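A quick write-up on the structure given underneath.
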Amino acid sequence: MEAKKITYSYVASLDVLESIREMLTQAGNDIGLSKRKTYQLTLAIDEIATNVIKYGYQEAGISDGFFDLIIEFKEGELIVSLEDTATPFNPIEHSLPTEEDLNIPLEERPIGGLGVMIARQSVDEFKYEFVNNKNRNIFIVKTN
Amino acid sequence: MEIKIKTKNNILIITLKGSIDSKTAPEVQQKVLESSVNSKNVIIDLTSVDFVSSAGLRVLLMLYRQIKVKNGKVVLVGVSEEITDIMSMTGFINFFEIIDTVENALNTY
């Protein structure tokens, strides 16, 4: 397949989550990615985009934020990069719940903290870079 | 997002339709918790739910807590492979009874 790169820009509002899922589902279908892998990619990006919108922008008092999703089709890989100018946040430094944490009865569990774990575990590879004052979360899915 | 609520044999049946993400979850949570405040036994029908993020899991967590203090039971119906995946990954799967149809769920009470 010919290498192809497409950039989509979004305002930092939770209203855009649904259209992001639709766009990614279409991208997954277009390249014949399995239904399950396509869903997991949309889930991973939904979780990180939510954090960027809610904590990176809205809670930081930035009302006119935006972010980009850059989709690259490469041989054997679908790569989606989420770039934002919100508060720097490295999900890889974020400590994940341990096996023990996940066995805590639901009535005693802390609320929250699952989004980053879900995002990291739902794609084949997850990377984070901070470049030119931008957060770049990179989601890689093997397509074959 | 559509939320339909009914009771049968004194068991509350909540049918959800659409996506439960961080945009829709606050409304779903409010409706689910409000409608089940006087119920001990709740069935959540997820057959027509096509997407659940961690925000959706939080709704299930809050409902579970509200019902658990009353020694009640939450049964989930129509749980897709995708929802099963996220519930397994987070350990939620161990705390809910998962049944294929509403009819069969009613028979567990």
Side-chain angles (χ1 to χ4, degrees), chain A residues 10 12-22 24-25 28 34-59 91 96-123, chain B residues 1-2 17-30 32-33 36 42 44 46 49-76 79-98:
Chain A
Y10 297 94
S13 156
L14 296 176
D15 293 330
V16 304
L17 293 174
E18 190 175 356
S19 57
I20 290 175
R21 292 197 300 271
E22 282 168 6
L24 292 168
T25 302
S34 73
K35 184 172 165 269
R36 192 177 203 157
K37 280 200 144 187
T38 301
Y39 181 91
Q40 289 184 331
L41 175 67
T42 65
L43 177 61
I45 292 170
D46 196 276
E47 295 289 353
I48 298 295
T50 292
N51 286 351
V52 168
I53 295 164
K54 280 179 77 172
Y55 307 113
Y57 286 118
Q58 293 178 349
E59 279 197 6
L96 295 184
T98 62
E99 190 65 37
E100 214 167 80
D101 293 331
L102 297 178
N103 285 320
I104 297 175
L106 295 190
E107 50 270 47
E108 295 161 23
R109 276 220 202 181
I111 294 172
L114 293 173
V116 168
M117 182 195 76
I118 291 166
R120 286 171 52 179
Q121 293 191 2
S122 296
V123 285
Chain B
M1 192 72 217
E2 259 181 55
K17 188 177 176 187
S19 302
I20 316 177
D21 61 11
S22 48
K23 168 73 184 170
T24 59
E27 187 201 356
V28 178
Q29 180 164 317
Q30 191 196 355
V32 165
L33 294 183
S36 59
V42 180
I44 304 278
L46 298 169
V49 171
D50 53 19
F51 182 83
V52 173
S53 71
S54 60
L57 290 182
R58 178 189 290 216
V59 176
L60 294 180
L61 172 75
M62 299 307 283
L63 174 67
Y64 178 88
R65 287 185 179 172
Q66 184 170 300
I67 296 299
K68 186 77 181 172
V69 292
K70 292 182 267 189
N71 283 317
K73 184 167 84 166
V74 181
V75 177
L76 305 181
V79 182
S80 66
E81 184 184 53
E82 289 84 4
I83 299 175
T84 306
D85 281 344
I86 192 176
M87 290 186 70
S88 303
M89 201 188 291
T90 53
F92 273 55
I93 201 107
N94 304 318
F95 299 96
F96 293 91
E97 207 165 317
I98 295 178

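Fair warning: this is a prediction, and the values are worked out from it, not measured in the lab. Every chain is numbered from 1, with letters handed out A, B, ... down the list of sequences.
Remark: B/Lys17 NZ is loosely packed, at most 12 non-hydrogen atoms of other residues, nucleotides or ligands lying under 6.0 Å away.
Between B/Phe92 and B/Tyr64, the distance from one ring center to the other does not fall under 6.0 angstrom.
In terms of heavy-atom pairs under 4.5 Å with chain B, the best-connected choice from A/Leu43, A/Thr50, A/Leu17 is A/Leu43. With chain A as the partner, the residue from B/Arg58, B/Met89, B/Met62 showing the most heavy-atom pairs under 4.5 Å is B/Met89. Taking chain A as the reference chain and counting heavy-atom pairs below 4.5 Å, the highest number among B/Arg65, B/Lys68, B/Lys23, B/Glu81 is found for B/Arg65. Of the residues considered (B/Ser19, B/Ser54, B/Gly91), B/Ser54 shows the highest number of contacts with chain A, using heavy-atom pairs under 4.5 Å.
B/Leu76 places a side-chain heavy atom less than 4.5 Å from the side chain of B/Met87. Contact annotation: the side chain of B/Leu60 never approaches that of A/Leu106 to less than 4.5 Å [non-hydrogen atoms, C-beta and beyond]. Between B/Phe51 and A/Thr42, some side-chain heavy-atom pair lies under the 4.5 Å cut-off. Side-chain contact between B/Leu33 and B/Leu63: present, with at least one pair of heavy atoms (C-beta onward) separated by less than 4.5 Å.
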Begin from the C-alpha positions of B/Lys73 and B/Glu97 and carry the test salt bridge (charged side-chain N to carboxylate O under 4.0 Å, His left out) through to its verdict. CA-CA 8 Å; B/Lys73 184 167 84 166; B/Glu97 207 165 317; 3.3 Å; yes
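Heavy atoms of B/Asp50 lying under 4.5 Å from chain A belong exclusively to its backbone. In this structure, the portions of A/Asn103 lying under 4.5 Å from any heavy atom of chain B include both its backbone and its side chain. Using a 4.5 Å cut-off between heavy atoms, A/Glu47 touches chain B through its side chain atoms alone. Heavy atoms closer than 4.5 Å to chain B are found nowhere in A/Pro97, neither backbone nor side chain. The contact between B/Leu57 and chain A is made entirely by side chain atoms (from C-beta outward), counting heavy-atom distances below 4.5 Å. No part of A/Ile53 comes within reach of chain B, as not one of its non-hydrogen atoms sits under 4.5 angstrom from that chain. Looking at A/Asp15, the atoms closer than 4.5 Å to chain B (heavy atoms on both sides) sit in the backbone and in the side chain alike. In this structure, chain B has a heavy atom under 4.5 Å from the side chain of A/Gln40, while its backbone stays farther away. Only the side chain of A/Arg21 comes within contact range of chain B, with heavy atoms under 4.5 Å apart.
Side chains of B/Ser88 and B/Asp85: a donor-acceptor N/O pair is absent below 3.5 angstrom, by distance only.
Looking at A/Asp46, its side chain never comes within 3.5 Å of a backbone N or O of A/Ala49 through a donor-acceptor pair.
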